[in-house]
Structure formats: structure tokens, C-alpha cells
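Working notes for the structure below.
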Amino acid sequence: MPETEVRIALRIPGDWSHPRELIERLPLGFRITADTLVLPDGTEVEFIPMQADDRFPDIFESSCRRPATRQELEIVGRYTVNILLAGPGGSPASVATMMQAAAAIISAGGAGVFIDNSGLAHGGELWTQMTDDGSSDALSFAFVSIICGEQQVYTMGMHVLGFPDLIMRRSDADANEDAIIEVIRYVAGNDKPIGDGHLLADENGPRFQTVAVPCSDFEPGSPMHNPFGSLKLVNIKEMELGN
């Protein structure tokens, strides 16, 4: 397996009483074989029904970036099966394809989506809106989580889009709560790759310089492992003061 291969894994809970109920409610052009969801353009996504467990409803609700609707949470609370969709990632186009695949299962009665690659969850209504939007902002909002630690703020999930994750000092993030969001949007919406030594600026001039560091938190094979590594955002002013 190539080091840079990325697999997207999505879990979609539903309360279907029989597989036929899911199949009959799929949007026009989608179909299911024994282990594959086939999209209207012929793209195949791995399709694995998974047994329900008691812990998932709480995990789903606590992982939602925005609160799911009451109806969505009620379905999660009584769900009978988790539909796992798995397919290649590593680019915005592949992410958009996986979003469309999951949206089809939601249209057929799925309550929402839990993303193994970032630990984020979204209610079905929001997921459908983001899929219809399809912009780089929508894709990054859907897949990239932001974790606030005592010393650092960092992202998880940028690899599904084909980018390194981002690391920022907590003090820099506290000084501007939107700073890391702005960088995520810049990286996700940029046609040119952003790597080691890149300068990030605003109307006041350069703000950060990127420093490449490896992904050390998750081993290869983990859905959260980023084979593209991470970019540490170093404050330019503090670099100048250090010199």
C-alpha cells in the first residue's frame, strides 16, 4: 500500500427494519450489490452493514459539530444498523464523491454521518446541505475537526482532502479565535500545494511561517493517520524577536 494512500470511512446509522427498506428508498441511479454502493456515474463505494451497539448513540451526539435535530437523534437512539461506507480519499474530488454516497444513504433513511477519519459527526440534514454546497469550505467543515489542547490547537482530518494537518500554539489561537479556521480555508481552497516554509499573510503582512513535522499521533493504517504529515504555524513576530 502506498504511504500516501488515504481511505475515507463513514458510518451512517439507521433504523431500517429490513435491507429491502433501505434499497427501495435509495435515490434514482443508486444501487446496492452484496458489498458495494454504486453511484449513478458507476463509481463504486465499499458498503458494509455493521451491528448496532449501545455506546454509539452517545458518541454520535457528543461528536456533532452542530446539534443534530431531535428526529435525527431519535433515529440514532434506536438504530438497528450502521452502514459503513469506505472509499479512496486524498483529494477534494474523492471527498465530494464520498459525501454524495453518504447523502444517498441519508435520503434512504439514515440519521447522519460519523467520520472515522476525524471523529466528527453531522446530522443528516446538515450533511445534505454541505453535499449540495460542494465548496471547499463545505468539505473542510464537514471533515476537519479542530482540537484545543492546553498548549496547542490542531486539526484532524485534513488528509482526506490531500493536505497536512495544522498545528498552532494555543496562545496564538486564543489571540485570534478565527485564525486556524482562516488557515484551514486558505489551505483547502488553494490550488497550489502549501508546504514547508510557506508564508501566511493578511492585510497587515506576514503572520505565520509553516514548518513541516511528521504525523506522530496515529500509526499508518489508522483512519486518523495523516500520511502528508503536519504543518506547524510559527508566529512571524516571535521569530523576529527571537533573532
Please evaluate residues Met50 and Ile48 with respect to the criterion side chain to side chain contact (heavy atoms under 4.5 Å, CB included), reporting the C-alpha separation (whole Å), side-chain torsions for both, the decisive distance (0.1 Å), and the verdict. CA-CA 6 Å; Met50 301 178 66; Ile48 304 174; 4.3 Å; yes
Is the backbone of Ile59 close enough, under 3.5 Å, to the side chain of Ser63 for a donor and an acceptor to pair up by distance? yes
Would you find a donor on one side and an acceptor on the other, under 3.5 Å apart, between the side chain of His122 and the backbone of Ala142? yes
Sub-3.5 Å donor-acceptor pair from the side chain of Ser140 to the main-chain atoms of Ser136, do we have one? yes
Using a 6.0 Å cut-off, check whether atom CD of Gln71 has over 12 heavy atoms from anything other than its own residue. no
Check Leu161 against Pro92 and note the closest heavy-atom contact, atom names and distance. O-CD, 3.4 Å
Taken to the nearest 0.5 Å, the spacing of His225 NE2 from Phe218 CZ works out to 10.5 Å
Would a 4.5 Å heavy-atom cut-off, applied to side chains only, mark Ile8 and Val95 as touching? yes
Rounded at 0.5 Å granularity, tell me how far CD1 in Ile181 sits from CG in Leu166. 12.0 Å
Do we see a donor-acceptor contact under 3.5 Å between the side chains of Asp165 and Thr155? yes
Before giving the answer on side chain to side chain contact (heavy atoms under 4.5 Å, CB included), spell out for Leu10 and Asp116 the whole-Å C-alpha distance, their side-chain angles and the decisive distance to 0.1 Å. CA-CA 6 Å; Leu10 310 176; Asp116 284 10; over 6 Å; no
Enclosure of Arg25 CZ (heavy-atom neighbours >12, cutoff 6.0 Å): yes
Cluster check Ile194, Ile146: I/L/V/M/F/W/Y, side chain < 4.5 angstrom: yes
Distance-only donor-acceptor check, side chains Ser135 and Asp137, under 3.5 Å: no
Could you please spell out the steps behind the side chain to side chain contact (heavy atoms under 4.5 Å, CB included) verdict for Leu233 and Ile167? CA-CA 6 Å; Leu233 307 179; Ile167 304 171; over 6 Å; no
What one should report as the nearest heavy-atom pair of Ala138 and Gly134 is CB-N, 4.2 Å
Within-4.5 Å side-chain heavy-atom neighbours: Ile236 and Gln209: yes
Heavy-atom nearest pair, Gly157 first then Val160, reads O-CG2, 3.0 Å
Does the Arg170 side chain pair with the main chain of Gly149, one donor and one acceptor, at a distance under 3.5 Å? yes
Where the side chain of Ser230 meets the backbone of Pro164, is there a donor-acceptor pair that is under 3.5 Å apart? no
For the backbone of Ile75 and the side chain of Asp15, can you confirm whether one donor and one acceptor N or O come within less than 3.5 Å of each other? no
Is the shortest heavy-atom distance from the side chain of Met168 to the side chain of Lys232 under 4.5 Å? no
Kindly give the heavy-atom pair with the smallest separation between Val153 and Ala173, and that separation in Å. CG2-CB, 3.6 Å
So does Ser17 get a backbone contact from the side chain of Glu21, meaning a donor-acceptor N/O pair under 3.5 Å? yes
Arg65 side chain to Val144 main-chain N or O, any donor-acceptor pair under 3.5 Å? yes
CD/Glu177 to SG/Cys148 distance, rounded to the nearest 0.5 angstrom? 9.0 Å
Between Thr131 and Thr128, is any side-chain donor less than 3.5 angstrom from a side-chain acceptor? no
Side-chain contact test, heavy atoms from C-beta onward, threshold under 4.5 Å: evaluate it for Gln129 versus Asp133 and give yes or no. no
Are Glu125 and Arg66 within salt-bridge range, i.e. N to O under 4.0 Å? no
When you look at Thr97 and Gln100, which way does the side-chain hydrogen bond (donor to acceptor under 3.5 Å, both in side chains) test go after all the steps? CA-CA 5 Å; Thr97 295; Gln100 292 166 13; 5.0 Å; no
Centroid-centroid under 6.0 Å between Phe143 and Trp127 rings: yes
Under a 4.5 Å side-chain heavy-atom rule over Ile, Leu, Val, Met, Phe, Trp and Tyr, are Ile180 and Tyr186 clustered together? yes
For Leu39 and Ala101 the tightest heavy-atom approach is CD1-CB, 4.0 Å
Sub-4.5 Å side-chain heavy-atom contact between Phe60 and Arg11: no
Trp16 side chain vs Ala108 backbone, donor-acceptor pair below 3.5 Å: yes
Check whether any side-chain heavy atom of Val211 lies under 4.5 Å from a side-chain heavy atom of Leu231, and answer yes or no. no
Do Ile106 and Val45 share a hydrophobic cluster (ILVMFWY, side-chain heavy atoms under 4.5 Å, transitive)? yes
When clusters are formed by joining ILVMFWY residues with side-chain heavy atoms under 4.5 Å apart, either directly or through shared neighbours, do Val183 and Tyr154 land in the same one? no
Can you label the angle between the Phe56 ring and the Phe114 ring as parallel, tilted or perpendicular, going by 30° and 60°? perpendicular
Using a distance-only test with no angle check, is there a side-chain donor-acceptor pair under 3.5 angstrom linking Ser222 and Glu219? no
Backbone of Ser91 reached by a side-chain donor or acceptor of Ser94 within 3.5 Å: yes
Arg78 atom CZ, neighbour heavy-atom count above 12 within 6.0 Å: yes
Does a side-chain heavy-atom distance below 4.5 Å link Glu5 with Pro227? no
I want to check something: taking the side chain as every heavy atom from C-beta on, are Ile32 and Phe47 in contact at a cut-off of under 4.5 Å? yes
Walk me through it: do Glu44 and Thr36 pass the test side chain to side chain contact (heavy atoms under 4.5 Å, CB included)? CA-CA 6 Å; Glu44 297 184 353; Thr36 303; 3.4 Å; yes
Quick check for you: to the nearest 0.5 Å, what is the distance between Cys64 atom SG and Leu126 atom CG? 9.0 Å
Of all heavy-atom pairs between Asn82 and Pro13, which one has the smallest distance, and what is that distance? OD1-N, 3.1 Å
Under 4.5 Å between side-chain heavy atoms, hopping through other hydrophobics if needed: is there a path connecting Met156 to Met98? no
